[in-house]
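Sequence positions, counted from 1, serve as the residue numbers for this chain.
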Amino acid sequence: MTYSLIEFFGEIMREQIAPFFKKHGYKKRNLNFYKVENGLTFLFNFQKGAVNSTDYVSFYINCGIYCNEFESIVGEEILPNPKEYDCLFRERTEQITKSGNQQFEITESSEAGKSKVSGEILTECEKVIEFFEPVKTIDDLVKLSIERHTYFYEKVFKYLGIKKDFAEVETFFQKFGEIFKDDDRYLFFEARLNDILTANGVEPMKFKAAIREQQF
């Protein structure tokens, strides 16, 4: 039987991917799989490529962790059905697994092709689920976000300032200094982060990386 590869992708999702995530406690919503545990929402999103057709299908796998309590503390609206791009921690699976699978492709509708693609997907997602395993609390999520340099860094600084977690504030602040030490914008970031900290009762800081550069 000849398949449209878009239909073939749907078959792989129904027969292989959905049962895998169900086994791990995830529910399906469109091309998203999510699990709520300990107040955290763990997400996987299958993002279709821009040039899919009947004879070629590509997609990416994005993942993330969302936390209602964190969003409430920093004064954000709590989303009942958060998307991957709403998550405090968000990355493509390849960034976690280092597998090199930035994009998955389906180019043939055969049992061998199905086995190959589903095997690659399940291996990738299994590794990410293992990576998620230590994240049990809001503070675990914040520490992971600091470690992985979250996109929502301003919200993390606001959270740490509100919680008066001075040790983590210092750690995250200096991490930014190291990241941007060779960037002309480091003084902008230093000022922006201090605006957030002082608004939440934390004393201003200086990037140690910037101080070292000025000494030479």
- prompt: Under the side chain to side chain contact (heavy atoms under 4.5 Å, CB included) criterion, do F157 and F173 qualify, and how do the steps go?
  reply: CA-CA 8 Å; F157 275 103; F173 193 91; 4.2 Å; yes

- prompt: Would the F70 and Y159 ring centres measure less than 6.0 Å apart?
  reply: yes

message: Once rounded to the nearest 0.5 Å, what's the spacing between atom CZ of R14 and atom CD of E11?
response: 6.0 Å

- prompt: Which atoms form the tightest heavy-atom contact between Y26 and K35, and what is the distance?
  reply: CD2-N, 3.6 Å

message: So T41 and C67, do their side chains get closer than 4.5 Å, heavy atoms only?
response: no

message: Membership question, hydrophobic clusters at under 4.5 Å side-chain separation (ILVMFWY): are I78 and L88 in the same one?
response: no

Neighbour count above 12 (heavy atom, 6.0 Å) for K116 NZ: no

query: What orientation do F176 and Y153 show, parallel under 30°, tilted 30 to 60°, or perpendicular over 60°?
result: tilted

message: Counting the benzene-type ring for Trp, do F21 and F44 have ring centres under 6.0 Å apart?
response: yes

- request: Measure from NZ or CZ of K175 to the centre of the six-membered ring of F172 and say whether it is under 6.0 Å with the direction within 45° of the ring axis.
  value: no

- prompt: Do any N or O atoms from the side chain of K28 and from the backbone of N30 form a donor-acceptor pair under 3.5 angstrom?
  reply: yes

query: For N68, does its backbone N or O pair with a side-chain atom of S72 as donor and acceptor, under 3.5 Å?
result: no

message: Looking at every heavy atom in both L43 and C87, which two are closest together, and how far apart are they?
response: CD1-SG, 3.4 Å

Check against side chain to side chain contact (heavy atoms under 4.5 Å, CB included), F166 and K164: CA-CA 6 Å; F166 300 113; K164 299 297 185 287; 3.7 Å; yes

- prompt: Rounded to the nearest 0.5 Å, what separation is found between the CD1 atom of I196 and the CD atom of E154?
  reply: 4.0 Å

query: Does the side chain of T97 come under 3.5 Å of the side chain of E124 through a donor N or O and an acceptor N or O?
result: yes

query: Does the ring center of F9 lie less than 6.0 Å from the ring center of F59?
result: yes

- prompt: Are Y60 and F104 close enough that their ring centres sit under 6.0 Å apart?
  reply: no

field: Option among N45, N32, T93 that satisfies the side-chain hydrogen bond (donor to acceptor under 3.5 Å, both in side chains) test with N62
entry: N45

NZ or CZ of R148 within 45° of F89 ring axis and under 6.0 Å: no

message: Exactly one of E84, K27, R29 should register a side-chain hydrogen bond (donor to acceptor under 3.5 Å, both in side chains) with Y34. Which one does?
response: R29

task: Establish, yes or no, whether the cationic atom of R90 lies under 6.0 Å from the six-membered ring centre of Y151 and within 45° of the ring axis.
output: yes

query: Is there a side-chain contact between V57 and F8 (heavy atoms, below 4.5 Å)?
result: no

message: Determine whether a donor-acceptor pair (N or O, by modelled atom type, separation under 3.5 Å) exists between the side chain of D140 and the backbone of K136.
response: yes

- request: Determine, stepwise, if the pair L40 / V36 fulfils side chain to side chain contact (heavy atoms under 4.5 Å, CB included).
  value: CA-CA 6 Å; L40 304 172; V36 179; over 6 Å; no

message: A side-chain contact here means heavy atoms from C-beta on lying under 4.5 Å apart; do L193 and F207 qualify?
response: yes

K158 (side chain) donor-acceptor with V74 (main chain) under 3.5 angstrom: yes

task: Go through the steps to decide whether D139 and E168 satisfy the test side chain to side chain contact (heavy atoms under 4.5 Å, CB included), and finish with yes or no.
output: CA-CA 10 Å; D139 288 329; E168 286 294 348; over 6 Å; no

- request: Start with the C-alpha gap between E147 and K143, add the side-chain angles, then the distance that decides, and say whether salt bridge (charged side-chain N to carboxylate O under 4.0 Å, His left out) holds.
  value: CA-CA 6 Å; E147 177 187 331; K143 288 179 180 179; over 6 Å; no

